[in-house]
Number of protein chains: 2
Amino acid sequence: MTDHLSTTLSALADPTRRGILARLSLGEATVSELAEPYDMSMAAVSKHLKVLEKAGLISRGKEAQWRPCRLEAAPMAEVADWVENYRRFWDESLDRLGDYLAELQKGDPGGSRN
Amino acid sequence: MTDHLSTTLSALADPTRRGILARLSLGEATVSELAEPYDMSMAAVSKHLKVLEKAGLISRGKEAQWRPCRLEAAPMAEVADWVENYRRFWDESLDRLGDYLAELQKGDPGGSRN
DNA sequence: CAAGTTGATAACTTATTGGTTGAATACTCC
DNA sequence: GGAGTATTCAACCAATAAGTTATCAACTTG
């Protein structure tokens with residue numbers, strides 16, 4: 001799981017972390033502010049932040065005893081980019097084409113299998 | 001991790017599984033065909049397929065002793081949708097706005113914090 | 001029916017994840 | 001410098017994930 005995209009996706013695959021990002025989309029926040037909505041220890045939130053940081057999805061400053069977090073959405077561009085390759089597969093009109101191609105394939109079994 | 005989006009994202013957070021989806025974007029394939037490029041047992045691939053199926057990213061048929069897989073990209077729409085909310089944060093021109101807003105926030109500390 | 005092929009399942013191992021609690025660190029303010 | 005606040009770190013635990021091998025089930029074909 002060393003590749004960048006996998007790291008990003010797995011960081012995003014947690015509702016707490018996505019919630020944190022949503023909060024950060026409204027502006028910088030400290031760890032305690034980010035932890036407040038969640039029923040878990042600060043340490044747990046701190047770990048989530050480390051995951052997000054490792055994925056490059058947030059950055060952190062140092063302001064006195066606070067370590068304010070800010071959103072760094074750049075890695076999400078990679079996700080958006082990747083998923084866009086599949087848009088045609090869920091786009092309604094092109095589903096028709098998909099069905100058509102599948103039908104073609106059925107008519108020529110093995111032709112695409114070897 | 002019971003929510004749909006988390007399930008989808010974590011299914012996608014694995015290069016083998018994304019590779020399988022890429023292959024399926026070219027058309028249906030059997031399990032052995034999907035396993036072929038990978039240096040792992042069929043059982044392992046079978047497990048990956050189960051993860052993808054549980055996330056609704058593939059569906060499977062029954063054709064004699066084969067269980068052909070086909071791409072079902074619908075859940076990706078949710079991912080695309082979600083990530084689009086953040087586009088403005090990585091879009092270059094709007095990064096300027098982001099910096100500007102951050103600057104505003106600095107000038108009014110606490111104003112957005114409470 | 002026996003043999004070969006395709007695939008899934010079970011049991012097991014190892015590593016990772018997500019959480020906990022209890023210090024430790026770093027800073028501010030009186 | 002001591003008290004309080006903010007955050008991290010370390011050690012631990014339970015659950016999950018990703019892989020293995022061995023076995024089983026379903027189907028085709030000689």
Side-chain angles (χ1 to χ4, degrees), chain A residues 1-21 23-24 28-55 57-70 109-110 112-114, chain B residues 1-21 23-24 28-55 57-70 109-110 112-114:
Chain A
M1 212 271 293
T2 84
D3 68 294
H4 202 176
L5 185 51
S6 296
T7 306
T8 304
L9 286 166
S10 95
L12 296 177
D14 180 289
T16 303
R17 288 194 290 262
R18 288 198 307 279
I20 288 173
L21 294 176
R23 167 64 186 78
L24 289 177
E28 287 193 9
T30 67
V31 178
S32 349
E33 284 168 335
L34 291 172
E36 191 268 329
Y38 301 102
D39 187 24
M40 67 177 72
S41 65
M42 287 272 299
V45 171
S46 199
K47 276 193 189 181
H48 280 304
L49 292 176
K50 206 193 292 195
V51 172
L52 289 171
E53 193 177 19
K54 214 165 274 180
L57 286 161
I58 65 172
S59 63
R60 336 178 63 166
K62 278 193 190 185
E63 252 182 62
Q65 67 270 65
W66 295 279
R67 234 122 305 167
C69 301
R70 63 148 47 206
S112 64
R113 197 163 274 163
N114 309 317
Chain B
M1 214 272 292
T2 84
D3 69 293
H4 201 174
L5 185 52
S6 296
T7 305
T8 304
L9 286 167
S10 94
L12 296 177
D14 180 289
T16 303
R17 288 195 290 262
R18 287 198 308 279
I20 288 173
L21 293 175
R23 168 63 184 79
L24 289 177
E28 288 193 8
T30 68
V31 178
S32 349
E33 283 168 337
L34 292 171
E36 190 269 330
Y38 302 102
D39 187 22
M40 66 178 73
S41 65
M42 286 270 301
V45 171
S46 199
K47 276 193 189 179
H48 280 304
L49 292 175
K50 206 193 292 194
V51 172
L52 290 170
E53 191 177 21
K54 215 166 273 179
L57 286 161
I58 65 171
S59 63
R60 334 175 68 164
K62 278 192 190 186
E63 251 182 64
Q65 68 269 64
W66 295 280
R67 233 122 306 168
C69 301
R70 64 149 46 206
S112 64
R113 196 163 277 163
N114 310 317

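The interatomic distance linking B:Lys54 (NZ) with C:dA8 (C1') rounds to 13 Å, in whole Å. Nucleotide D:dA17 holds its P atom 14 Å from the CG atom of B:Leu9, rounded to whole Å. Taking atom CG on A:Asp14 and atom P on C:dT16, their separation rounds to 18 Å, with Å as the unit. B:Met42 has its CE atom 13 Å from the P atom of C:dT5, to the nearest Å. The separation between A:Trp66 atom CH2 and C:dA26 atom P is 17 Å, rounded to whole Å. At whole-Å resolution of the value, CG in A:Leu12 and P in C:dT17 are 14 Å apart. As a whole-Å value, the separation of B:Tyr38 OH from D:dA18 C1' is 15 Å. Whole-Å rounding puts the A:Leu52 CG to D:dT8 P distance at 12 Å.
Looking at every heavy atom in both residues, B:Trp66 comes nearest to B:Thr30 through CD1-CG2, 3.7 Å. Nearest heavy-atom pair, B:Ala11 versus B:Val51, reported as atom, atom and distance to 0.1 Å: CB-CG1, 3.9 Å. Nearest heavy atoms, B:Arg70 versus B:Leu24: C-CD1, 4.3 Å.
At a threshold of 4.5 Å between non-hydrogen side-chain atoms, the residues A:Leu34 and A:His48 do not count as touching.
In this model, the phosphate group of D:dC9 is approached by a side-chain N or O of A:Lys50 to a distance below 4.0 Å at OP1 or OP2. Here A:His48 does not reach the OP1 or OP2 of C:dT17: none of its side-chain N or O atoms lies under 4.0 Å away. Contact annotation: A:Ser41 does not reach the phosphate of C:dG19 (side-chain N/O to OP1 or OP2, under 4.0 Å). Residue B:Lys47 places none of its side-chain N or O atoms closer than 4.0 Å to OP1 or OP2 of D:dT20. For A:Ser46 and D:dT7, the shortest distance from a side-chain N or O to OP1 or OP2 is not below 4.0 Å. Phosphate contact (OP1/OP2 of D:dA25, side-chain N/O of B:Arg67, threshold under 4.0 Å): absent.
Atoms CG and NZ, on A:Leu52 and A:Lys47 in that order, are 14.0 Å from each other to the nearest 0.5 Å.
Each of A:Met40 and B:Ala43 was matched to the nucleotide of DNA chain C holding its nearest heavy atom; the match closer to the 5' end belongs to B:Ala43.
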